[in-house]
Amino acid sequence: MKILTSPIHWIDKVAADIERYWKSSREIICNGGLSVSGLQHVGRLRGEIVLIDAVRRILEENGRIVRHLLVLYTQDNWKGKDAQLKAFKNAEEASKYKGWRLIDVPDPKDCHRNWVEHYWESFGDHLHEFAKSVEVYTTTQLYKMDSMKEVVREILLKKEDVRAIINKYRGRKPYPENWIPYDPLCGNCRRIDSAEPLEVDLESYKVKYVCRNCGYGDWCSMEDGKLNWRLEWTAIWKALKVMFEPYGKDHATPGGSRDSCVDLAINALNFKPPIGVAYEWVGYVVGGKDLGDMGSSDFIGFTPEDWVKVAEPEVLRYYYIISDNMKRLTLSLDQVYHYVELYDFAERVYYGIEKPDKEAWEAALMKRSFELSQLKPIPREMPFQLKYLHAVILVQTLPEEGLLENAIRRLKSTGVLLKDPDPLSVSRIDSRLKKAFNWLKLYAPDEFHVRLLESLPPQLKSSLSSRDKDLLKNLMELFKPIEWNEESIKKTMMRFTSTVSKSESQMLFKALYTVFFGRTSGPRIAPYLAMLDKNWVLNRLKEVTSEG
Ligand SMILES: [Zn+2]
Ligand SMILES: [Zn+2]
């Protein structure tokens, strides 16, 4: 017997857990965190942006007021990893910034005020395309805010309680008595990873230190340094009243950093810690090769700015939302059409235009994921959907000048578009064409680059054997009566190739690529032919198969 259970999307479950945990609180404050240590890759959109935003949507529908905060850890020290050093013209000289706060490291390309602003741009400037609204704070700002200072004071007053808790998680390397959980900034060498705190004066809000790197000693304002990292995370929760915060899987291990922060919150700082959810990393694939997890300071991956050049933000949102949070995903810019196809399929299923060959619960999860991946209101009827690979073909078969108008005309003449598109459909076609154009220019594998032969070079015709010509001629006859669209072209070709031998079928494809593209191989040909004018295709076949 089949057990019927109503499906619940994992994000709906996360939202339900939050509501249960915070009961009647009207406002829910969600927080994400990122260290701007280098390349701000799209893997970071997964938990800190898309997941939170989808949860937000559900909570708002339930009448809650939701804020989405994002903390950038800009007081963290710059580690000077190889990839970070290589960002500079002179890597050797750049090693002098090791141990500096990220916010103090200069822009290696000299176009922004500092390292953080330079690398933040390709992520921060596109946040609004991936989430409704995000309030961004840097830890540099936070340490100057009264709410944070209050927590810093509290921690220093309770430093023995704090130490006892942290030592539970430090195994054989416990912090000694009188440990001060604060990293001062050295006023001489500017390192934040080297100055040893000696004494705290809460009155003046200063800490006395001696620098292990340069030997300098002084008092440092506690606005300029930072808390020990476990305490920093906990302090931010308290200062910003964070109620929900997802975290990368590295924090999720039992007895790991999140557990210790929760312990600190409850048992030292006396507040209810946020509820969280762990998520897996995103790997970076190039040319079919997995280069490992995307990483900021290792500069592995690509940015949201790169993504939106070649695909809609909703496509990536959908990919993250449909996938279980603890499943490792990979992304490859050369396969972008694949993610777009998954998204388009979900859209057709959502509108009931296509029945998926899947269990009902799976189709329901697709629909829910599609819904949660939207940032704009969902139209009542599905706007026209231009397949990504069709767009790839159109931008290569039509002149760049007046591309949109020509494309619409072509889509109509080839029966892909049945009526004049409404304004939303037009803007979607326009967007797909532009993204496909960029993709071809930037990432498309070689087989997607095909230029149509506008005229037939004479030597090409003579390169075909008489058997080639026979095959093309027979196919041409079969093409003549059919409706000119991808489906019927594909069916006709399959019907024809089933009547000839395998080697003849290979000959046919080779001949087709030759007469249309001047090369012997290429991508699936039916969608290309469908994008061309039927008479033009038939004329080309006639020209190449005619005598003389
Ligand atoms: Zn710059
Ligand atoms: Zn120093």
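One-based numbering, in listed order, for ligands and for the atoms of each. Worth saying up front: this structure is predicted, and the values here are computed from it rather than measured.
If you put the vertex on the Zn ion (ligand 2), SG of C214 and SG of C189 sit 120° apart, to the nearest 10°.
Distances from the Zn ion (ligand 1) to the N/O/S atoms of H118 are shortest for ND1. Of all the N, O or S atoms in H112, the one closest to the Zn ion (ligand 1) is ND1. The nearest N/O/S atom of D107 to the Zn ion (ligand 1) is OD2.
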Determine, stepwise, if the pair R328 / E280 fulfils salt bridge (charged side-chain N to carboxylate O under 4.0 Å, His left out). CA-CA 5 Å; R328 181 179 184 266; E280 247 286 359; 5.3 Å; no
Can you list the steps and then say if E60 with R64 is a salt bridge (charged side-chain N to carboxylate O under 4.0 Å, His left out)? CA-CA 5 Å; E60 283 182 345; R64 311 247 182 184; over 6 Å; no
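Using a cut-off of 2.8 Å, one finds that E121 contributes no N/O/S atom close to the Zn ion (ligand 1).
Judged purely by distance below 3.5 Å, without hydrogens or angles, the side chains of R170 and Y175 pair a donor atom with an acceptor atom.
The one candidate from F345, Y319, Y318, Y350 that meets the ring pair (Phe, Tyr, Trp, His ring centres under 6.0 Å) condition with F370 is Y350. If you run side chain to side chain contact (heavy atoms under 4.5 Å, CB included) between C220 and each of L185, I192, D183, only L185 comes through.
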